[in-house]
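Step one of this worksheet: look at the structure below.
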Amino acid sequence: MARSSSGGAAQQRRTAGPPSIRDVAAAAGVSYQTVSRVLNDSPRVSPDTRRQVREAIERLGYRPNRAARALGFGRARGVTVVTADTTLYGYASTLRGIEEAARPTGLSVGIRVVESERAEDVRHAVDYVSDPSAGGVIVIAFDAAGAAVLRALPDDVPAVAATEAGGLPDVSRRMIFLDERQAAVDATRHLLSLGHRTVHHVAIPSETGTSARQAGWRDALEQAGAPVPTVLPGGWEPRSAYLAGRALAADPLVTAVLCGNDTTAIAVRRALYDAGRDVPGDVSVVGFDDVPGAEFWTPALTTVRMDFAALGRACLAALLSDDPADEARVALDPPCLVVRESTASPRDAIGM
C-alpha cells in the first residue's frame, strides 16, 4: 500500500512539476538531509536507508538539478572558499581559477580564512560554511588547517577540495589535484642527467607526511641507484628555506638541489650566493610552481610549471556537477619541467 500511495503522490507531483528532494524524502520516510547524503555518496548512510532512498528516486523519476544539488538544497547560490592563505602562489592562483569559472555562472565567490589548524579556528571556519548562506564550499587543503576543515565538514555541506597529489587519506569527499609526482621525477632525472651524483631536497610542509614532490624525487634517485640524502624540511616562510640553504652551502659535496616551491628556491639561491657558491656553476637549483617572473630571475629559474588556475576551475566544475567524471572535462595540463639557466653540469663533470 505504501508503494501504491507513493506512486500516486509521484503522479500528482509530475503533473504539477518535477519532483523535489523533499518529495523524495517524504516518499522514502527520511529527512531531506539523508537524501542529500545518498546523492553525495556519503558513507554515513546505512545500506537499508540507501536502498530505500534509491527506490524512491526511481519511483518518482527524480533528477537532481546539477547546480542545486551541488550547492545543497536551500543553500545560497554562491561559493565560499576556505583557505589558510591568500597570498602564496598556489593558493592565490587556485582562488583565481575558481573566481574565473564562477563568473559566467552568476555565482558569487566568498573567502573564509582559517587561521590555523587549532581546534577553535577549525570549528569557527566549519560553523561559518555550514550555514546555508555560505553556499557550496571549496576547501584549499594544501596544509594542515585546510585538511582539518575538510575532515570536520558535516556531510550535508556540499564541498570539494583542492589537495596535494593523491588526496588526503581517510577523506571521502571529492578531491581534485595536480599530479606533481612525475614532474618531480622528471626534475630529479634532469639533474642526474647533467652529471650530478645526487640531488638534495628542501621540502615544503606536507599534510600527507610525504608529499608527491618528495616521493617523486626519492623514486628518481632510487631508480638511478643514486644516494638519497636526508630531506631538509622548510616552512612556508622563506626564512626557513634560507637556513636550509645555508646548511647545504656549507657542504662542498652538494651540487644540485630540488626545492619544494619557487619561494624556497629563491631563498636557497640567496643562501648559496651569501656563501660564495655560484648558481649554476657550483650548485644547480630547481624550483616548483613556475611563479610569474621566474624566467627573469638571475639566473632564470629551472622549475616545474603547475596550472593552479585550472585546478581551481576543475574544483568549481566538480562542485556544480552530479558526475564525478565531469571535472576531467576541464583541461588540467600535467605539471611539466621548464629548463632555464639555474641548472648545469657540475664543474667536475665538465672537466671530464
Sequence neighbours left out, what pairs pass salt bridge (charged side-chain N to carboxylate O under 4.0 Å, His left out) with at least one residue falling in residues 182-206?
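Every pair satisfying salt bridge (charged side-chain N to carboxylate O under 4.0 Å, His left out) with a residue in residues 182-206: there are none.
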Among residues two or more places apart or on two chains, list those pairs meeting salt bridge (charged side-chain N to carboxylate O under 4.0 Å, His left out) that have a residue in residues 92-114.
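Output for this query lists Arg96-Glu100, Glu99-Arg103, Glu100-Arg313.
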Could you state the interatomic distance from CG (Leu248) to CG (Leu232), rounded to the nearest 0.5 Å?
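With rounding to 0.5 Å, CG (Leu248) is 5.0 Å from CG (Leu232).
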Separation of Cys259 SG from Leu301 CG (nearest 0.5 Å)
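That separation rounds to 8.0 Å.
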So, [X] side chain and [Y] main chain: donor-acceptor pair closer than 3.5 Å or not?
X: Thr264; Y: Ala241; value: no
X: Glu180; Y: Ala165; value: yes
X: Thr255; Y: Val283; value: no
X: Asp262; Y: Ala265; value: no
X: Thr302; Y: Arg340; value: yes
X: His200; Y: Val257; value: no

By salt bridge (Lys or Arg N to Asp or Glu O under 4.0 Å) - contacts of [X] (at least two apart):
X: Asp289; answer: Arg213
X: Asp179; answer: none
X: Asp170; answer: none
X: Asp85; answer: none

Residue pairs, two or more places apart or on separate chains, that pass side chain to side chain donor-acceptor pair (under 3.5 Å) and touch residues 120-129:
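Residue pairs passing side chain to side chain donor-acceptor pair (under 3.5 Å), neighbours aside: Ser116-Asp121, Arg118-Asp121.
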Determine which pairs satisfy side chain to side chain donor-acceptor pair (under 3.5 Å) with at least one residue from residues 228-249, sequence neighbours left out, and list them in order.
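Matches after skipping sequence neighbours: Tyr242-Asp274.
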For a quick test of reading the model, state the closest non-hydrogen atom pair linking His196 to Ala344 and the distance between them.
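Residues His196 and Ala344, closest heavy atoms: NE2-O, 2.8 Å.
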Please test Asp290 against Met306 for side chain to side chain contact (heavy atoms under 4.5 Å, CB included), starting from the C-alpha separation and ending with a verdict.
CA-CA 7 Å; Asp290 196 21; Met306 300 277 287; over 6 Å; no
Please report the C-alpha distance between Ser46 and Asp48 in whole Å, then the side-chain angles of each, then the deciding distance to 0.1 Å, and finally whether the side-chain hydrogen bond (donor to acceptor under 3.5 Å, both in side chains) criterion is met.
CA-CA 5 Å; Ser46 71; Asp48 286 344; 5.7 Å; no
After noting the C-alpha distance and the side-chain angles of Ile176 and Arg174, does the key distance pass the side chain to side chain contact (heavy atoms under 4.5 Å, CB included) rule?
CA-CA 7 Å; Ile176 317 295; Arg174 195 179 302 182; 4.2 Å; yes
N-O pairing of Arg51 and Glu55 below 4.0 Å:
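Yes, charged N to carboxylate O under 4.0 Å.
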Between Val30 and Val35, does a side chain to side chain contact (heavy atoms under 4.5 Å, CB included) hold up when you go through it step by step?
CA-CA 7 Å; Val30 299; Val35 176; 3.9 Å; yes
Tell me, please, which residues at least two apart from [X] pass side chain to side chain donor-acceptor pair (under 3.5 Å).
X: Thr163; result: none
X: Arg277; result: none
X: Thr80; result: none
X: Gln52; result: none

Heavy-atom side-chain proximity of Phe142 to Leu88 below 4.5 angstrom
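With C-beta onward as the side chain, the pair stays apart.
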Does some side-chain heavy atom of Trp217 sit less than 4.5 Å from a side-chain heavy atom of Val228?
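A side-chain contact under 4.5 Å exists here.
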